[in-house]
Structure formats: C-alpha cells, structure tokens
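Naming convention: chains lettered A, B, ... in sequence-line order (proteins, then strands); numbering from 1 in each chain. Please read all numbers here as calculations on a predicted model, not as lab measurements. These numbers come from the heavy atoms of this one structure, side chains and all, not from hydrogens, waters or symmetry mates.
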Amino acid sequence: MFQWFHRFGSAPYLYRLAGRLAPWLGGLCLLSLVAGLYLGLVVAPADYEQGDSYRIIYIHVPAAWMSMFVYVVMATSSAVFLIWRLKMADVVALASAPIGAAFTAVALITGSFWGKPMWGTWWIWDARLTSELLLLFLYLGYLALRGALETPQSAARAAAILAVVGVVNIPIIHYSVEWWNTLHQPATITKLDKPSMHISMLRPLLLMVLAFQLLYFYNLMIRTRTLILEKEGRARWVAELAGGERD
Amino acid sequence: MPGGWPNLPEGSVTSLLEFFAMGGYAFYVWTSYALTAVLLVGIVGWSARQLKSTQQRTFRRARQPRGKS
C-alpha cells in the first residue's frame, strides 16, 4: 500500500507513466468514438416514442456519467491530498477539474437541446437539473479558489476541502429522479439485469460511455504532465530529461 | 453523371438527406453534437498546446547553466 503510494507519489514516475499511457488512451478513445457514433447515429433504429431526437442520449448520458465520475476522482484525490499530504494527488484533482466542468457543461447543454423538443422547455428548476447545475458551480468554484488565495498551498487545501464537502451532491444527482417528482426520466442503463433499451440502442451507448471515459483518462494524462512540469520545473530529473532532449 | 459518384446505389442521396434531417429533429440533434464537439475537442486541444508550451519553456530553462534562470 505505502509502496504503491510512494511510486505514484513520485513526480518523475507519474510524468513518464502518463506520457507512455497517453497515446494508447487517445487511440482507443478515437476507435470507440467512431464505432459508437456510427452505430448510434446510422445503425440504431429511431425510437418509437421520441423518433430521432433520442439520439442525443449518445452524448448526454456519457457526459452526465462522466461529470459525476470525474468529480468522485477529484474528491477522492483531494481527500488523499488532505490526509497524506500527497502532492501528486492534488495534481490529479486539479488536472481533473476543467475536464469535469466540460463534461458537466456538455450534459447540461445536450439535456437542454433534448428537453426542448420532448418536454417543451429548455430548462426547468427540478431536482436533477438543479443538482447538475450545482455540480458545474462546484467545479468552477474549485478552479476559482485555486487562483483566489495568496499562497498556492493554502489555495490547494481550501479547494480540496471544497471538493470533499461537495461530494454529497453526487448521490443527490443520482437519486434525484427517485426522490423527487421530476420531468427527467429515470436511469437507462444501470439496470443491466433488466435493461430498458434494445441491444441495438444499448451497444452504441456503452461504446460512447467507454469513449468518454477514455477521453477523460487521455486528457488527464496530458494535463497531469503539464502540472507536474510547472510544479517541478527546477528539479534535477527535469534537467536530466531536458538534457536528453535533442533540439 | 460526369465527375459524380457513379457507384452510389439508387436512392442513397435521399437516405443521406434523411440522415441529416434526423426525422425533423435535425436542429436539436446536430446542435447538441456540434456544441459537444466544440467543448471536448476544445479542451483536448487546449491541454495539448499547454503541455507543449510548458515543456518548451521548462526544458529551455533547465538546459541553461544554473543561476542564469
């Protein structure tokens, strides 16, 4: 456990690992994206109730899922940073925040463009939509805090505390469709034993979830490397790395 | 059809138009996909450019003799 911590807590190790993983994650992401889009937009049949408008699901559900997944990663690494003072955990949290905010924005925007033709409104202040909007503000608040405090150390601690406290919003988002009356339809794919979708529609959805997941990890590798270099720019391993680079 | 697509089967232009029409929901479907592409491609491109410029800046400084930076 502590050996594992030690390795991942080491900046040069993480920098090299991220550099090695990134091209694979990016390539696999493109593959699943192309397959998912083709199966979802071309092959899958239209819905018998919603017609072709339901095809927004292939970006809306993966983005909404990722908005919560990324937040849980951010809150967990923030907790690790607060408890064990592991700087690389803070790097992962900070690298995740803009990606999570982008996924949340995508979920809100695509939801709006789906809600207009189906519910007749772009927006409604119901539990699901409001808690997802709150998630966007949590991401933005986290990023704003990083820049607002005088020393980077206290900014990192304050933002990490916000991230950990804000995690209570995640179960609220997830269960909002069960706890409150809402226009939003209940979960589509979490009932895998009794899926409410035909396989020809479900397969592209799962592929798109995979593509978005890979997109996050690909982007996380890139952003983590940037933050490590910014933090460790004067370390000896960076100088060695720079010496090895031909220019 | 000179210069056209001679291999296109009968009716495929119609089905292409049908595809873009999205059963009357073209505006909602394609705007959603376009905005998603802008946001996600945007953040990936922004991150890549950031890494490149940070690498250049950091490595250039690291190669300079100590005390000059």
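- In terms of heavy-atom pairs under 4.5 Å with chain B, the best-connected choice from A/G111, A/P117, A/G233, A/G51 is A/P117.
- In this structure, chain B has a heavy atom under 4.5 Å from the backbone of A/Q50, while its side chain stays farther away.
- Both the backbone and the side chain of A/Y58 come within less than 4.5 Å of a heavy atom of chain B.
- The part of B/Y25 that comes within reach of chain A is its side chain, from C-beta onward, which places non-hydrogen atoms under 4.5 angstrom from that chain.
- With a 6.0 Å radius and a threshold of 12 heavy atoms from other residues, nucleotides or ligands, A/W65 has its CH2 atom at or below the threshold.
- At least one donor-acceptor pair under 3.5 Å links the side chain of A/D52 to the backbone N or O of B/G23.
- Counting only heavy atoms from C-beta outward, the side chains of B/Y33 and A/T110 never approach each other to under 4.5 Å.
- Rounded to the nearest 0.5 Å, atoms CD1 (A/I228) and OG1 (B/T58) are 12.0 Å apart.
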What's the verdict on side chain to side chain contact (heavy atoms under 4.5 Å, CB included) for A/F103 and B/L39, showing C-alpha distance, side-chain angles and the deciding distance? CA-CA 8 Å; A/F103 280 128; B/L39 273 165; over 6 Å; no
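- Taking the six-membered ring where tryptophan is involved, the planes of A/W122 and B/Y28 are tilted, since the angle between them lies from 30° to 60°.
- For A/Y15, the part lying under 4.5 angstrom from a heavy atom of chain B is the side chain only.
- For the set A/N219, A/L37, A/V42, A/I109, the entry with the most heavy-atom pairs within less than 4.5 Å of chain B is A/N219.
- Note: A/K116 NZ to B/T31 OG1 = 13.5 Å, rounded to the nearest 0.5 Å.
- Comparing A/I59, A/L229, A/I222 by heavy-atom pairs within less than 4.5 Å of chain B, the highest count is held by A/I59.
- Within the 4.5 angstrom heavy-atom criterion, only side-chain atoms of A/L215, from C-beta onward, approach chain B.
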B/M22 and A/L41: CA distance, side-chain angles, deciding distance, side chain to side chain contact (heavy atoms under 4.5 Å, CB included) verdict: CA-CA 9 Å; B/M22 277 290 152; A/L41 290 176; 4.1 Å; yes
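- At most 12 non-hydrogen atoms from other residues, nucleotides or ligands lie less than 6.0 angstrom from OH of A/Y38.
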Side chain to side chain contact (heavy atoms under 4.5 Å, CB included), that's the test. Do A/F113 and B/V29 meet it? Break it down for me. CA-CA 7 Å; A/F113 275 91; B/V29 173; over 6 Å; no
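- Contact annotation for B/I43: both backbone and side-chain heavy atoms come within less than 4.5 Å of a heavy atom of chain A.
- In plain terms, the two heavy atoms of B/A62 and A/A242 that are nearest each other are CB-CB, 3.8 Å.
- Looking at A/R223, A/M221, A/R225 one by one, the single match for side-chain contact (heavy atoms from CB on, under 4.5 Å) with B/L51 turns out to be A/R225.
- Interface remark: A/L227 contributes no atoms to any contact with chain B (heavy atom separation under 4.5 Å).
- The neighbour count for A/W24 CH2, taken as heavy atoms of other residues, nucleotides or ligands under 6.0 Å away, does not exceed 12.
- The OG atom of B/S32 sits 3.5 Å away from the CD1 atom of A/I56 when rounded to the nearest 0.5 Å.
- For chain B, the nearby part of A/M118 is the side chain; its heavy atoms alone come within less than 4.5 Å.
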